[in-house]
Amino acid sequence: MQGAALRDLRRRAPDEVNGPRWAWACATFVNTVGPCAYFLFGRRGGLPAFD
């Protein structure tokens, strides 16, 4: 999960991330809570819509 979060963070433009990218990159190293927090709160737009 951490790898997916770091890959997503690296591929996003800075204006698509809530807050500083370096802080989210550091947060991904906090067990599974960090990557989950990034996917829930770090990306602009939040979660994808489920149909």
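Being a predicted model, the structure only gives us computed values, none of them experimental.
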Taking all non-hydrogen atoms of both residues, which atom of [X] and which atom of [Y] are closest, and how far apart?
X   : Y   : value
D8  : R43 : OD2-CD, 3.0 Å
T28 : A5  : CG2-CB, 3.8 Å
V30 : P35 : O-CD, 4.2 Å
M1  : F39 : O-CE1, 4.3 Å

With rounding to the nearest 0.5 angstrom, report the [atom1] to [atom2] distance, [X] to [Y].
X   : Y   : atom1 : atom2 : value
R44 : N18 : CZ    : CG    : 5.0 Å
E16 : L9  : CD    : CG    : 11.0 Å
Y38 : C26 : OH    : SG    : 14.0 Å

Would you say the side-chain atoms of R12 pair up with the backbone N or O of R21, donor to acceptor, closer than 3.5 Å?
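Side chain of R12 to backbone of R21: no pair is present.
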Considering only heavy atoms from C-beta outward, does the side chain of W24 approach that of V17 to under 4.5 Å?
yes
